[in-house]
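Here is the structure we will look at, set down as structure tokens.
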Amino acid sequence: MDSSRAAGPTHKIENIVATVNLGVELDLEQLAERLPVAEYNPDQFPGLILRLTRPRISALIFRTGKMVCTGAKNETDLKNAVHALVKLLNDNGADVPLNPEVQVQNIVASGSLNAEVDLEQAALLLDNAMYEPEQFPGLIYRMTEPRVVVLIFGSGKIVCTGAKSEKDVAVAVQRLYDRLKELGVLYVEEGGGAEAEEAEEEE
Amino acid sequence: RLRKWQTRARVQTSYERNFVQAAQELERLKSSMGVPRPCVEQALEIYRQALEKELVRGRSVEAMAAAALYMACRMLKTPRPLDELIRYTKASRREVARCYRLLLRELNVRVPISDPVLYISRVAEQLKLTGDVVKTAIDIINRAKKAGLTAGKDPAGLAAAAVYIASLLHGDNRTQKDFAVAAGVTEVTVRNRYKELAKALDIKIPVK
DNA sequence: GCTTTAAAAAGTAATCT
DNA sequence: AGATTACTTTCTAAAGC
């Protein structure tokens, strides 16, 4: 019963985009021939597309030896996928180092503020906010520190994107929650009708 | 001294040429889609500011003019849905929307948040509905806002559903499709909003 | 600016049964 | 009337047009 009020925000990492520098030039034509599952249409896109299953991670592989991995939900899956990709490339005529440099470029997370949001009020009170329900149901909020973009929906569900680390996501979500709470635009169902959520007493 | 004159002449010429082009495009949009004259004048003012802040660089005159008109109509409380506007422009929805966001961010303008009430009169006018129906529809929208049912929803869809319910309550009813077409949304959207509003606001529709 | 990849949110839309 | 699929918004890197 004590934990019933002010549940606070929650979030989950949904997608990690990372770049990998394999350090050697690659023969994409040869790779495409040996890997029938690969997609390679240089007229359409200069990268070769490889899709791994379990976990479902996709890779864009370029002539220069640089690679983009998308779809991972955690760093472990990402690292394993990179190792699997390196082995796959080496088994098909390439000669790339076993432990290439991996850089996380973007993290997408979904989450919930566990409170409904008055988007119209939030749009008026927040700076760098755009709310255009004719075009998209979510309010687009550009946070400067950390530098992320959060999509906020009336239900309290959110999407945070642009983060470079999991910590950025956690900080951004908590900061957003605190800011919306102080603006009085968060609402919880009970307590005698739509009433602004009561501030949590900090000791 | 000669180079200075040439530069000045060139700048003025390009600015004026672009502005005249935009004015012609806005005039064309006005006559083809029946936009009120004040909206066109407001759009011209917005376009002039965009030109001064060099926001038109690399963008088509058509897309920026359409975005300026969309913004002007909303500022003067006579909104036109973006999807209706782009049917009269050769610019893509994507580019007009991008120009609009650029104008929103770069110009110090306050564009009122899209209000379903503003779409009610448009729908009512097209369907020649009575003032009582409009009054009831506005009341429905206001109650929906208080109940927190409007967040994220297309104002045109909300207006169509409110007017549909209002006309049902006032007897003379028409099909959901009539309201959908008048508001520029699908019947499915009108139906979804109608069900949601009727249930949440506990509105009893007389069966006849 | 575009092309391609992944992912979520909630709304709207097109198509099929 | 549903159900399904698909598109809207946000982000990010890659190489080339």
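Order of the sequence lines sets the chain letters (A, B, ...), proteins ahead of strands, with each chain counted from 1.
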Counting side-chain heavy atoms from C-beta on, which of [options] comes nearest to [X]?
{"X": "Q105(A)", "options": "dA10(C), dC11(D), dA13(D)", "value": "dA13(D)"}
{"X": "V68(A)", "options": "dA13(D), dA8(C), dA10(C)", "value": "dA13(D)"}
{"X": "L151(A)", "options": "dG11(C), dT9(D), dG1(C)", "value": "dT9(D)"}
{"X": "T186(B)", "options": "dT10(D), dG11(C), dA14(C)", "value": "dA14(C)"}
{"X": "I49(A)", "options": "dT12(C), dT5(C), dT9(D)", "value": "dT5(C)"}
{"X": "R56(A)", "options": "dT10(D), dA7(C), dG11(C)", "value": "dA7(C)"}
{"X": "F45(A)", "options": "dA1(D), dA15(D), dT9(D)", "value": "dA15(D)"}
{"X": "V17(A)", "options": "dT12(D), dA8(C), dA9(C)", "value": "dT12(D)"}
{"X": "N106(A)", "options": "dA14(D), dT12(D), dA10(C)", "value": "dT12(D)"}
{"X": "K66(A)", "options": "dA14(D), dT5(C), dG11(C)", "value": "dA14(D)"}

Whole angstrom is fine here: how far is it from [atom1] in [X] over to [atom2] in [N]?
{"X": "F153(A)", "N": "dA10(C)", "atom1": "CZ", "atom2": "C1'", "result": "6 Å"}
{"X": "R94(B)", "N": "dC2(C)", "atom1": "CZ", "atom2": "P", "result": "5 Å"}
{"X": "L48(A)", "N": "dT5(C)", "atom1": "CG", "atom2": "P", "result": "12 Å"}
{"X": "E187(B)", "N": "dA13(C)", "atom1": "CD", "atom2": "P", "result": "11 Å"}
{"X": "K177(B)", "N": "dA14(C)", "atom1": "NZ", "atom2": "P", "result": "12 Å"}
{"X": "E95(B)", "N": "dG1(C)", "atom1": "CD", "atom2": "P", "result": "10 Å"}
{"X": "L119(A)", "N": "dT9(D)", "atom1": "CG", "atom2": "P", "result": "18 Å"}
{"X": "M67(A)", "N": "dA14(D)", "atom1": "CE", "atom2": "C1'", "result": "11 Å"}

Counting only side-chain N and O atoms of [X], is one of them less than 4.0 Å from OP1 or OP2 of [N]?
{"X": "R93(B)", "N": "dT8(D)", "value": "no"}
{"X": "R191(B)", "N": "dG2(D)", "value": "no"}
{"X": "T70(A)", "N": "dA13(D)", "value": "no"}
{"X": "T19(A)", "N": "dA14(D)", "value": "no"}
{"X": "R98(B)", "N": "dC2(C)", "value": "yes"}
{"X": "T161(A)", "N": "dT12(D)", "value": "no"}

With heavy atoms under 4.0 Å as the rule, sort [X] into base, sugar-phosphate or nothing.
{"X": "R147(A)", "answer": "nothing"}
{"X": "V149(A)", "answer": "sugar-phosphate"}
{"X": "V185(B)", "answer": "sugar-phosphate"}
{"X": "R142(A)", "answer": "sugar-phosphate"}
{"X": "G138(A)", "answer": "nothing"}

Checklist entry - Nearest nucleotide by nearest heavy atom, which residue falls closer to the 5' end of DNA chain C, P155(B) or S110(A)? => result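 Comparing both residues, the 5'-ward one is S110(A).
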Checklist entry - Taking for each residue the nucleotide of DNA chain C bearing the nearest heavy atom, is the 5' side occupied by R59(B) or by G111(A)? => result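 Comparing both residues, the 5'-ward one is R59(B).
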What are the two closest non-hydrogen atoms of [X] and [Y], and how far apart are they?
{"X": "Q174(A)", "Y": "P9(A)", "result": "OE1-CG, 3.6 Å"}
{"X": "G71(A)", "Y": "N15(A)", "result": "N-OD1, 2.7 Å"}
{"X": "M143(A)", "Y": "R175(A)", "result": "CE-CB, 4.3 Å"}

Item to check | Salt-bridge present (E95(B), R98(B); N to O < 4.0 Å) | outcome: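 No, no charged N to carboxylate O under 4.0 Å.
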Item to check | Check ion pair E62(B)-K90(B) (N to O, under 4.0 angstrom) | outcome: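 Salt bridge between E62(B) and K90(B), a charged N being under 4.0 Å from a carboxylate O: yes.
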Next on the checklist: Roughly how many Å apart are dA3(D) and dA7(C), using the P atom of each and rounding to a whole number?
Outcome noted: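 Roughly 24 Å separates the two P atoms.
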Item to check | Atom P, compared across dT3(C) and dT8(D): separation rounded to whole Å | outcome: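 Pairwise P distance, dT3(C) against dT8(D), rounds to 10 Å.
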Item to check | Approximate separation, where rounding is to 0.5 Å, of I57(A) CD1 and N80(A) CG | outcome: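 So the gap between those two atoms works out to 8.0 Å.
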Checklist entry - Do D178(B) and T175(B) have side-chain atoms, one donor and one acceptor, less than 3.5 Å apart? => result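 Looking only at side-chain atoms, T175(B) and D178(B) do form a donor-acceptor pair, the distance falling under 3.5 Å.
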